[in-house]
Amino acid sequence: MSFFPNKISIRKPDDMHLHLRQGDTLKIVAPESAKWFSRALIMPNTIPPINNSERLIAYRKEIEEATLGSGFSPLMSFKLYPNMKEEDVIKLSEVGAVAGKLYPEGSTTNAEDGVKSYEQIKEALSAMSKLGILLAIHGEKPDSFVLDREKDYLPELFKIIEHFPDLKIVLEHVSCVEAVNAVINGPATLAATITVHHLLITLDDLIGGGLNPHNFCKPVVKTPKDREAIQSAALSGNRKFFFGSDSAPHPETSKLTKSGSAGIFSAPAAFPLLVSFFEKNGSKDLLEDFTSRFGAEFYNLPLNKSIITLERKERKVPEKFSTIVPFMAGSSLEWDIL
Ligand code: NCD
Ligand code: ZN
């Protein structure tokens, strides 16, 4: 049991999985991440997708303009597509891409143009392996039963590992006990991000009482046993597990409809929630490793130099950011930026 003092300072964290969208939404949500995080790996599932160097450059500029003066640096990823060529990966590498994202076809928001099998992207994966670009995977088999989708993706993950033993892979937003164990027992080239919602909530918070569409995401939050495995991994000090929020804003109208969008906008609450979780269950050092060290190390990035200071101060999560309802809207947080 650890109790933090009423003020804590830690190395400013990284968010290794973030959706910022574009245009007006980006202008609203990007500053919320820039407030807490020094860097974030920006997901490429925009419309149109970030899948070539011109789009990557323009998207990075849009993010930099929306976060000007905050010290925030976007780390850029691109979306892998069937039959992607080595020369396209080389161009993306030259403009600073650090990861390629594999979305299985139909697995999540804007993944209709995703990949059916890794066989379709072998040329790109081989180029990424040579260039030191990481592979970030949305690890779900879309045609499986919803609670089995991540577990059922693991055989495909093992095939990728076998064919590309030097390729660094991040299994994103890990959500079930089998996937956590696969990462623990996998090679040193395999790591995983953990979100704040998979760390804190279960299916009970989505459908156990009144249906709460604001807790709906892909992969869906699962059982207490799965959550326990995720919590243990985050608290274990194992450098294969690090923070990626998967903060994914959708307008309320897209959430409250008959085919509601998957995605939880957690950026405004994520870091204070992590501080509270590690205060109750871990320690300040484990918090700092999880949010500010292990991700950067896996991505071969220098650690952030800046420091964030938080004070113990009750504050309510706003009900809305424009048309977007955030994670834990209206509930109390225990920590705020000083
Ligand atoms: C994400 C989104 O909305 O872009 N949704 C989600 O439920 N997590 C996509 C993703 O990461 O799956
Ligand atoms: Zn995501």
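Read the numbers this way: they start at 1 and go in the same order the structure lists the ligands and their atoms.
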query = Looking only at atom types and distance, does a side-chain atom of T109 sit under 3.5 Å from a main-chain N or O of A262, one as donor and one as acceptor?
reply = yes

Nearest neighbour in protein (non-hydrogen) for [atom]:
atom: atom 7 (O) of ligand 1; answer: K218 N, 2.7 Å
atom: atom 12 (O) of ligand 1; answer: T108 OG1, 2.6 Å
atom: atom 8 (N) of ligand 1; answer: D246 OD2, 2.7 Å

Which of the numbered atoms in ligand 1 are under 4.0 angstrom from any heavy atom belonging to [X]?
X: H138; value: 10 (C), 12 (O)
X: A262; value: 2 (C), 3 (O), 5 (N), 6 (C), 7 (O)
X: H17; value: 11 (O)
X: A248; value: 1 (C), 2 (C), 3 (O)

task = Indicate the ring-plane relationship of H173 and H17, choosing parallel, tilted or perpendicular according to the 30° and 60° boundaries.
result = tilted

inquiry  = Does the residue H173 have a heavy-atom contact with ligand 1, meaning some pair of atoms that are separated by less than 4.0 Å?
reply    = yes

ask   = How many protein N, O or S atoms are found at a distance of less than 2.8 Å from the Zn ion (ligand 2)?
value = 3

query = Taking atom 3 (O) of ligand 1 as the point of reference, which of H19, R21, E140 owns the nearest heavy atom?
reply = R21

